[in-house]
Amino acid sequence: MTLIVAFNVAPAPAHADRRSFTETYEFATVPQGHTAIEIWHTQARGTWDADTPLALQNILEIEHGITDRWDAALYQVFEQSSTGDPVTSEAFHFSELKLETRYRLAERGEWPIDTLLYFEVAKEFDESVYELEGKVIGARDFDKLTVAANAIVEVKVGKDAEETEPEFGWAIGATYEVHPKLRIGAETYGAIEEEEVAAAVGPAISVAPASNFWFAATAAFGLGDEAEAFRGRIILGIEL
């Protein structure tokens, strides 16, 4: 009972970059001079077959506010896969390094759709492969309901890149603020490559126990044969 009362009477926390989803980016940047750390943990499987490899990915992200509208982040990505066979499994290893930047074109509520631009470049470890990704992020608040949508384009370049054709994708999420510390919603995301569509959908939850600490979690289920059967992800954020 004491815990419930404390949850209900505690003041609403102010978060610069609290996330409601794990795939869909929202209209938010880190304020000037502030730093945030995010820890991502993802587990996925391609099909529900017992012999399908299980994939694990961990990301450490450090982001800093250059101005109140512009921030930049560095990601270190680690991966592992397990097939049950030591020969075909991949041990936990450093996979790639990413550099991301975001810029908000206006303040929240100034435009009919809050708009943010996103750019990312990734370098795969020990390979001449560079992945360039751009997003246009739009969001709109409807009282306690927030809807966000991302239009995504991605291309790989470098002498080891197997394909250099652009890949287009999307991510769309809707979340409702049940309490200043709790948001519940859902999101869908996917990609289109060579006329094949891979999409997934699932619930999302975001909890902020303190003003400088939050976490978001999703469980996404694939739609169709081209998508992963399941992807579960949790992101933990600490604002300094």
Side-chain angles (χ1 to χ4, degrees), residues 17-26 36-63 72-102 118-127 129-135 150 152 154-156 158 160-163 167 169-171 173 187-191 193 198-207 214-223 226-238:
D17 191 22
R18 174 184 171 184
R19 297 191 60 167
S20 302
F21 317 103
T22 66
E23 294 283 348
T24 308
Y25 279 82
E26 299 160 77
I37 297 173
E38 292 183 7
I39 300 171
W40 302 41
H41 178 80
T42 305
Q43 292 193 28
R45 60 185 307 148
T47 72
W48 293 112
D49 295 339
D51 58 350
T52 298
L54 301 178
L56 177 148
Q57 183 187 75
N58 282 342
I59 298 176
L60 173 63
E61 176 188 358
I62 301 174
E63 54 187 350
L74 186 70
Y75 295 68
Q76 296 186 66
V77 183
F78 301 86
E79 295 181 343
Q80 178 180 344
S81 67
S82 174
T83 64
D85 182 352
V87 176
T88 57
S89 297
E90 287 189 346
F92 188 74
H93 64 283
F94 177 71
S95 174
E96 60 184 354
L97 188 69
K98 297 183 179 184
L99 179 64
E100 167 216 289
T101 187
R102 298 179 296 181
Y118 173 110
F119 178 74
E120 175 186 291
V121 58
K123 168 64 172 66
E124 293 191 16
F125 178 68
D126 201 31
E127 289 190 67
V129 179
Y130 300 86
E131 183 178 295
L132 309 178
E133 182 178 299
K135 293 185 176 82
N150 304 171
I152 308 166
E154 175 187 304
V155 63
K156 291 184 178 181
D160 295 331
E162 296 181 359
E163 296 181 4
E167 177 181 313
W170 76 90
E187 68 175 334
T188 179
Y189 60 90
E193 185 178 9
V201 64
I205 184 170
S206 175
V207 181
W214 56 266
F215 67 87
T218 56
F221 300 88
L223 303 175
E226 302 300 326
E228 293 174 324
F230 175 78
R231 182 189 297 183
R233 173 177 289 169
I234 183 168
I235 302 177
L236 183 151
I238 302 170

TODO: Report yes or no: do T218 and E23 form a side-chain donor-acceptor pair below 3.5 Å?
DONE: no
Open item on the list: Tell me every residue that passes salt bridge (charged side-chain N to carboxylate O under 4.0 Å, His left out) with E79, counting only those two or more places apart in sequence or in another chain.
Closed with: none
Open item on the list: Going by the rule salt bridge (charged side-chain N to carboxylate O under 4.0 Å, His left out), which residues pair with K135 if we only count those two or more places apart in sequence or in a different chain?
Closed with: E133
- [ ] Side-chain contact test, heavy atoms from C-beta onward, threshold under 4.5 Å: evaluate it for E226 versus E193 and give yes or no.
- [x] no
TODO: List the steps, then state whether side-chain contact (heavy atoms from CB on, under 4.5 Å) holds for I235 with W214.
DONE: CA-CA 8 Å; I235 302 177; W214 56 266; 3.8 Å; yes
Open item on the list: Ignoring hydrogens, what is the shortest heavy-atom contact between T47 and A229? Give both atom names and the distance.
Closed with: CA-CB, 3.6 Å
- [ ] Using the test salt bridge (charged side-chain N to carboxylate O under 4.0 Å, His left out), find all partners of E187 that sit at least two apart in sequence or belong to another chain.
- [x] none
Task: Any residue meeting side chain to side chain contact (heavy atoms under 4.5 Å, CB included) with A73, in chain and number order, not counting sequence neighbours - done: E61, E63, Y75, E100
Task: Partner set under ring pair (Phe, Tyr, Trp, His ring centres under 6.0 Å) for F230, not counting sequence neighbours - done: F221
Task: Non-neighbouring partners of E228 that pass salt bridge (charged side-chain N to carboxylate O under 4.0 Å, His left out), sequence neighbours left out - done: R231
Task: Smallest separation among heavy atoms of Y130 and G158, with atom names - done: CD1-CA, 4.4 Å
Task: Gap between atom CH2 of W40 and atom CZ of R233 - 0.5 Å precision - done: 5.5 Å
Task: By side chain to side chain donor-acceptor pair (under 3.5 Å) - contacts of T101 (at least two apart) - done: W70
- [ ] Compare every heavy atom of T188 with every heavy atom of T24, then report the nearest pair and how far apart it is.
- [x] OG1-O, 4.5 Å
Task: Residues forming a side chain to side chain contact (heavy atoms under 4.5 Å, CB included) with E127, sequence neighbours excluded - done: E124, V129, D160
- [ ] To the nearest 0.5 Å, tell me how far E38 CD sits from F215 CZ.
- [x] 14.0 Å
TODO: With sequence neighbours excluded, tell me which residues meet side chain to side chain donor-acceptor pair (under 3.5 Å) with D126.
DONE: none
- [ ] Please tell me if the side chains of L97 and Q76 come closer than 4.5 Å, counting only heavy atoms from C-beta onward.
- [x] yes
- [ ] Please report the shortest heavy-atom distance between A198 and W170, naming the atom on each side.
- [x] O-CH2, 4.1 Å
TODO: With sequence neighbours left out, write down each residue that passes ring pair (Phe, Tyr, Trp, His ring centres under 6.0 Å) with F78, or none if nothing qualifies.
DONE: F92, F94
TODO: Side-chain contact test, heavy atoms from C-beta onward, threshold under 4.5 Å: evaluate it for L56 versus H41 and give yes or no.
DONE: yes
Task: Spacing of CD belonging to Q43 relative to CD belonging to Q80, to within rounding of 0.5 Å - done: 9.5 Å
Task: Listed partners of E162 passing side chain to side chain contact (heavy atoms under 4.5 Å, CB included), at least two apart - done: none
TODO: Measure from the side-chain N and O atoms of R19 to the backbone N and O of A216, and report whether any donor-acceptor pair falls under 3.5 Å.
DONE: no
- [ ] Please report the closest heavy-atom contact between A227 and G222, naming both atoms and the distance.
- [x] CB-CA, 3.9 Å
Task: Sequence-distant partners of S82, side chain to side chain contact (heavy atoms under 4.5 Å, CB included), two or more places apart - done: S89
Task: Pair F125-E96, side-chain contact (heavy atoms from CB on, under 4.5 Å): steps then yes or no - done: CA-CA 5 Å; F125 178 68; E96 60 184 354; 5.8 Å; no
Open item on the list: With a 4.5 Å cut-off on side-chain heavy atoms, are E163 and K156 touching?
Closed with: no
Open item on the list: Please determine whether side-chain contact (heavy atoms from CB on, under 4.5 Å) holds for the pair E26 and F21, giving the CA-CA distance in whole Å, both sets of side-chain angles, and the decisive distance to 0.1 Å.
Closed with: CA-CA 8 Å; E26 299 160 77; F21 317 103; 3.8 Å; yes
TODO: Enter the distance from I59:CD1 to S95:OG here, rounded to the nearest 0.5 Å.
DONE: 9.0 Å
